[in-house]
Amino acid sequence: MEMKLGHNSTHTIDKRGIMNIAVSGCLLGESIRFDGGHKRDRFITDALGAFATFVPFCPEHLAFGTPRPSIRLVSVEGEIKVYSNKSDTDVTQELLRASHTELSRLSPQPLSGIIFKSKSPSCGMKSAKRYWENGHCEGKEDGVFMALCRARFPLLPMEEEGRLEDAWLRENFVMQLFAYHAFETFKTASPTMGDLVAFHTKNKFMLQSKNESLYRQLGNIVANRDALSLSHLIDAYEVGFKTAIATKSSIKKTRNVLEHLVGFFKNELTHGEKETLHTQIADYATKIIPLIVPLSTIYLYAKKYAISYLLAQTFLDPYPKTLALRSHIESGK
Ligand code: SF4
């Protein structure tokens with residue numbers, strides 16, 4: 001049930017190309033929920049849809065059809081079971097079988113991320129309720145299918161639509177998606193050692209805004225003091241890069257990067273211009289203005305003084321600007 005959405009969008013297709021994102025089918029508007037309804041999510045279908053081919057999945061529709069009785073997760077002697085709410089029968093094996101089938105369908109696809117439906121006993125990310133046998137809620141859990149995906153794709157960007165309503169989590173996830181996709185594109189283009197150095201160089205400030213320590217470790221990998229083979233280096237770099245981009249940024253880390261960027265103009269700017277830029281950064285840090293304001297000023301000076309090193313940085317342009325995620329004060333935390 002693969003389908004393409006968003007290719008007729010009025011957005012300009014970004015130079016970064018179209019990525020594949022697996023999504024809970026109900027979030028794409030497919031009427032496959034237990035009650036025959038859907039939970040279409042406009043940010044996913046309309047905003048992300050301009051840059052993605054969606055690969056829908058629905059383990060419950062595959063296991064039980066639609067409509068179907070709702071199910072719940074039950075803790076039985078330390079094990080998680082799945083029970084039908086209508087008949088109170090154990091349907092764990094049926095759901096597991098369908099989940100493995102969906103996983104086998106997703107596994108060969110060149111995915112750049114997965115978006116799950118929150119709170120679902122199949123798809124929720126630590127948000128599916130887990131009950132005692134007496135019917136009381138015990139806590140929250142990964143859904144059955146989600147747990148399989150977490151184990152199968154440990155470095156793949158994954159989020160649920162509920163958490164993506166938070167501007168900070170949304171910005172972090174979208175940056176991670178595009179960075180992951182950029183690495184996959186880089187890796188499949190038979191990169192040379194020079195390409196690896198160039199890839200690391202242009203991602204320098206983006207990585208620093210995520211994880212300074214991993215950024216330094218990645219620099220050591222690229223320096224290749226032990227003269228390892230290129231394929232060995234790329235494998236090691238991949239793990240570090242994908243782990244770094246999964247780290248959430250913070251206002252403090254982003255501010256450090258911004259201050260560092262100002263250093264590139266220190267001989268060109270007047271005292272007043274520098275003061276204005278530092279004020280913008282301080283106003284961003286205190287959540288008076290969004291990140292896009294100091295970034296636009298930095299971009300302007302990078303253009304004006306033709307600082308190609310800065311203009312090539314993904315930190316200045318991590319995803320299509322039409323997503324406008326850095327225009328919200330709440331996207332910093
Ligand atoms: S199993 Fe997942 S994809 Fe299917 S309806 Fe439930 S939440 Fe949506």
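Keep in mind it's a predicted model, so treat the numbers as computed, not measured. Whatever order the structure lists ligands and atoms in, that order sets their numbers, starting from 1.
Ring pair Phe183/Tyr237 is parallel by interplanar angle, where below 30° counts as parallel and above 60° as perpendicular. Between Tyr215 and His200, the two ring planes are parallel [angle under 30°; tilted spans 30° to 60°].
Distance CD/Gln208 to OG1/Thr254: 11.0 Å, rounded to 0.5 Å.
Ala22 and Phe57 make their closest contact through C-CE2, 3.7 Å (heavy atoms, listed as atom of the first residue, atom of the second, distance). Shown here for Val76 and Lys81, the closest heavy-atom pair between the two residues is CG2-CG, 3.8 Å.
The distance from ligand 1 to the heavy atoms of Lys117 drops below 4.0 Å at these ligand atoms: 7 (S). Close approach of ligand 1 to Arg33 (heavy-atom distance below 4.0 Å) involves ligand atoms 5 (S). Those atoms of ligand 1 with a heavy atom of Ile32 less than 4.0 angstrom away are 5 (S). When each atom of ligand 1 is checked for a heavy atom of Cys58 under 4.0 Å away, the hits are 1 (S), 3 (S), 4 (Fe), 5 (S). Taking every non-hydrogen atom of Arg68 and a distance limit under 4.0 Å, the qualifying atoms of ligand 1 come out as 5 (S). The Gly25 neighbourhood of ligand 1 comprises atoms 3 (S), with distances under 4.0 Å to a heavy atom of that residue. The contact set between ligand 1 and Phe57, taken as ligand atoms under 4.0 Å from a residue heavy atom, comprises 3 (S).
Because the distance cut-off is set at 2.8 Å, Cys26 fails to qualify as a neighbour of atom 4 (Fe) of ligand 1, as none of its N, O or S atoms comes that close.
Among all protein heavy atoms, the one lying closest to atom 2 (Fe) of ligand 1 is Cys123 SG, 2.4 Å.
Side chains of Ser99 and Arg97: no donor on one and acceptor on the other come within 3.5 Å.
For the side chain to side chain donor-acceptor pair (under 3.5 Å) with Ser118, the lone residue among Glu165, Glu160, Glu161, Arg163 that qualifies is Glu161.
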